[in-house]
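Take a look at the structure set out below.
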Amino acid sequence: MRIGALEAGGTKMVLGIFDEEGHLLEDTKLPTRSPAQTMPEIISFFREREIETLGIGTFGPVDLRPGSPTYGGITATPKLDWRNYPMLAKLQEELQVPCAIDTDVNAAVLAECRLGAARGCENAVYVTVGTGIGAGIFAGGKTVHGLMHPEVGHMLLKPNPLDPLPQGICPYHESCLEGLASGPAIAKRTGAGGEALPDDDPVFTLETDYLAQMCVNLIMTVSPERIMIGGGVMEREYLLDRIRKETVRLLGGYIQMPEITARIDSYIVRPELYPISGLIGAWLLGRDAGGNAVS
Ligand code: ZN
């Protein structure tokens, strides 16, 4: 059985062909341009390889309300070409195979909970910190959708008193997580990409504070058994350990769970399947879509 997997990102599309056991047989990347330019390339890639099902992890916001007439469509994205684009419907119509869709970060948390750093967990969060910040939430053995889907990247935070840019750079909110802690927020404060900065640059004290505030908020609201943090900004090795320590400090002794207080190193961790957590999650979605009829 050949299962297609699509990780649809804001800057690139990652396409994979897997077998039923999860072996990646072939993959390729395409730049994300307009739907008129990019979708025909995606469709012909999968058509030529005669996939039998397809799983999609996509950038959002995306409509994931079962029964909605626009289910699986991109909604109010700032990428204007993609606004209201019927991603799932178009792929189903063109490929005529069962398809399943979730957010890119929900696909990633699904993969990590089944096969990666949160194996065995029924409740976990996967966060990616890069050009943007997004998180997939797994709760009670399922990815969380709700009214829309979680938008952890836009949770509001308390600005650090030493931050020269306390309002952040999000065009929608003052002091939201993505506006304060994404790669472009680091670059805006320092005039340099994060990778060019020394470990002791003060911007990483701010970064630690904001990502620890995020962890505390996730612990208080979602009660995950594990938090995974990946993405380009987290490639700086020592950052994760600082975030662990600061999270415990900010919790202030209120949460008395040894999983956190005694074993924080195995509670806040790196994703194991990075950088293809999302693609593997799309494979899982595609594999599980196999039993469903095309509507
Ligand atoms: Zn925001």
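Atoms within each ligand, like the ligands themselves, are counted from 1 in listed order.
- A salt bridge does not link E246 to R242: none of the charged nitrogens lies less than 4.0 Å from a carboxylate oxygen.
- Applying the ring-ring contact (aromatic ring centres under 6.0 Å, His included) test to residues at least two apart or on different chains, the pairs with a partner in residues 72-129 are F59-W82, W82-Y85.
- No hydrogens or angles considered: nothing links the side chains of S266 and R226 as a donor-acceptor pair under 3.5 Å.
- Salt-bridge annotation for R2 and E20: absent, with no side-chain N of the basic residue lying under 4.0 Å from a carboxylate O of the acidic one.
- Side-chain polar atoms of E178 and Y210 form no donor-acceptor pair below 3.5 angstrom.
- For the Zn ion (ligand 1), the count of nearby protein N/O/S atoms, taking only those under 2.8 Å, is 4.
- Partner of F45 under the side-chain contact (heavy atoms from CB on, under 4.5 Å) criterion, out of R49, E48, E41, R47: R49 alone.
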